[in-house]
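Below is one structure, written out as structure tokens; the observations come after it.
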Amino acid sequence: MTDVQRAAEPVAAEGLMEKVVGLAKRRGFIFQSAEIYGGFRSTYDYGPLGVNMLRNVKDAWWRAMVQLRDDVVGIDAAILGPPAVWAASGHLANFTDPLVECRTCHSRWREDKLEGACPNCGGTDFTEARSFNLMFKTHAGPVEDQAAEAYLRPETAQGMFVNFLNVLQTTRKKPPFGIAQVGKSFRNEITPQNFVFRTREFEQMEMEYFVPPDEGPRWHEYWLAERYRWYVDLGIPEDKLRLRHHDPDELSHYSAGTADVEFLFPWGWDELEGIANRTDYDLKAHAAASGERLDYFDPTTGERYTPHVIEPAAGATRTMMAFLLAAYDEDEIGGERRAVLRLHPRLAPYQVAVLPLSKKEALEPLAREVLHLLQPHFMCDYDVTQSIGRRYRRQDEVGTPWCVTVDFDSLEDRAVTVRDRDTTEQVRVPLDGLLDELRRRAGDA
Ligand code: GAP
């Protein structure tokens, strides 16, 4: 028997953002970067719980996109790149936002996002728009001349294109096949906003899927369905998720068709992932610029062609924020309101918390034995502070699906209590069946 009362209404969108941002800071998910120096605008650090969750998001993506497939391999390419790469990819010429300056307060804004007056001072007198390139430029080596110019990558995708031949030759893959990468990207966003939704430094999870040219549209449809399902499987409710096809005037410079997976953020529908049909744009551009032959020779047909590319491009940090927003819930236990993150067990920072019922020394050896039994298999927390009820609430608030409590009876019967986060149901489990029981629950989830 449990006494959980679901809140009559889902947590209102209004105020949700503040609650999740507050929880993220209070419980060590996400901190403002360089906070003791007043913070550095639009950069964030991931704390002890956040780093676990972000890794889990990236691992869940890698598992679905690489581990469970035989047609996708991974790489980890450099963040720094020479201008030649970005000239060929079109980013030097096209990766720009239209920037206007408010003549009253001199703040700068993206013209396409401005809705009338200056959000800073209310002024309505703006300069003409000029193109502002979003790439961060730096210099490699001790001399700051043109020859030493380098760029921080604004997307991970180009690492896959410039390594196309290396991967083809070393893996003997043939189209359709994909190259996946997870890593940091950098964009000098004019208006970073909404917590980690749009930042200047962020992480992407991208895959370039190389297909015979006439199969592009079919594989585009395939990846739209696959990627949508990934978010649903990890717990985003379908009424908060949609696919939206871009209008022709929205398309990026390389795209013959893009659809976004969108999430219903507190401010409205916004992008989680773009799934583009990049055609042969990138391979042809790099082939022309580098002089290398970036194509595929099919020995069975004797045909040589430049593959077309379908690209599911997701943001790890942005997606983590969506998972937090979707998971946030409140309910009542025994008349007391609790915040609970209903995170999928695969995403929760800790899967299990081991809680000795009291601080009494007699319980510690067995509690540590339980911890050491579970640690090789699950990310575990160990907490002896406060009352057991308080500790359950603290674990609920950070999304831990299962608490394992060691009490004085455990010393006699070598059994522990397993408590479920969502139902708050508690069952007694013998120690020698505990690992199997938790594995079964995690596997069922
Ligand atoms: N290679 C294609 C590409 O980079 P994109 O739509 O510009 O496409 C893909 O980026 C994803 O990366 C976005 O859907 C978003 O999740 C994430 N992303 C892009 N810019 C971001 C930013 N400034 N902050 C956080 N995430 C960002």
Side-chain angles (χ1 to χ4, degrees), residues 30 33 41-44 46 54 57-58 61 65 75 77 79 81 85-86 88-91 94-97 110 112-113 132-136 151-162 178-209 220 223-224 227-228 230-231 236 241-246 250-263 265 269-279 281-283 285-286 309-325:
I30 301 174
S33 195
R41 186 157 176 245
S42 162
T43 52
Y44 292 90
Y46 289 74
L54 186 57
V57 171
K58 294 183 283 185
W61 186 90
M65 300 297 278
I75 60 164
I79 287 172
V85 169
W86 309 108
S89 70
H91 284 83
N94 299 317
F95 198 55
T96 56
D97 276 342
R110 263 176 74 168
D112 54 333
K113 299 272 174 188
F132 172 74
N133 195 293
L134 297 181
M135 282 195 295
F136 280 99
Y151 289 88
L152 303 191
R153 65 183 179 194
E155 60 171 21
T156 60
Q158 297 306 318
M160 278 75 106
F161 298 123
V162 300
I179 311 178
Q181 179 169 203
V182 173
K184 289 224 167 172
S185 294
F186 300 82
R187 297 181 188 178
N188 200 357
E189 301 280 3
I190 299 168
T191 44
Q193 59 191 347
N194 289 329
F195 197 37
V196 296
F197 178 81
R198 180 173 292 111
T199 50
R200 296 198 171 113
E201 175 178 346
F202 55 98
E203 277 197 270
Q204 290 189 305
M205 310 183 286
E206 298 196 286
M207 197 268 286
E208 310 303 319
Y209 199 70
H220 193 214
W223 282 109
L224 291 182
R227 295 303 306 144
Y228 180 89
W230 184 79
Y231 294 95
I236 305 249
L241 206 60
R242 73 177 189 190
L243 281 170
R244 188 184 68 79
H245 287 264
H246 281 206
E250 277 182 88
L251 294 177
S252 317
H253 60 274
Y254 50 71
S255 175
T258 298
D260 289 343
V261 180
E262 292 190 336
F263 175 71
F265 284 93
W269 290 102
D270 222 328
E271 174 185 339
L272 282 182
E273 166 162 356
I275 301 158
N277 180 349
R278 293 180 79 125
T279 68
Y281 178 91
D282 305 270
L283 286 181
H286 285 300
V309 172
I310 308 301
E311 176 196 68
T317 37
R318 184 180 291 188
T319 297
M320 170 172 158
M321 176 176 163
F323 281 126
L324 283 173
L325 287 163

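When a ligand or atom number is given, it counts from 1 through the structure's own listing order.
- Between T317 and V196, the closest heavy-atom pair is O-CG2, 3.8 Å.
- Take Y44 and apply the ring-ring contact (aromatic ring centres under 6.0 Å, His included) test, not counting sequence neighbours, and it matches F195.
- The contact shell of ligand 1, taken as protein residues with any non-hydrogen atom closer than 4.0 angstrom, comprises E155, A157, R187, E189, F197, R198, T199, F202, Q204, E206, Y254, E271, L272, E273, G274, R278, E311, A313, A314, G315, R318.
- Not counting sequence neighbours, K113 has no partner by the salt bridge (Lys or Arg N to Asp or Glu O under 4.0 Å) test.
- For the pair R227 and W223, the NZ or CZ position fails the cation-pi test of under 6.0 Å to the six-membered ring centre and within 45 degrees of the ring normal.
- Among M160, Q158, E206, the one residue that satisfies the side-chain contact (heavy atoms from CB on, under 4.5 Å) test with Q181 is M160.
- Checked against ring-ring contact (aromatic ring centres under 6.0 Å, His included), F265 has the following partners two or more places apart in sequence or in another chain: F197, F263, W267.
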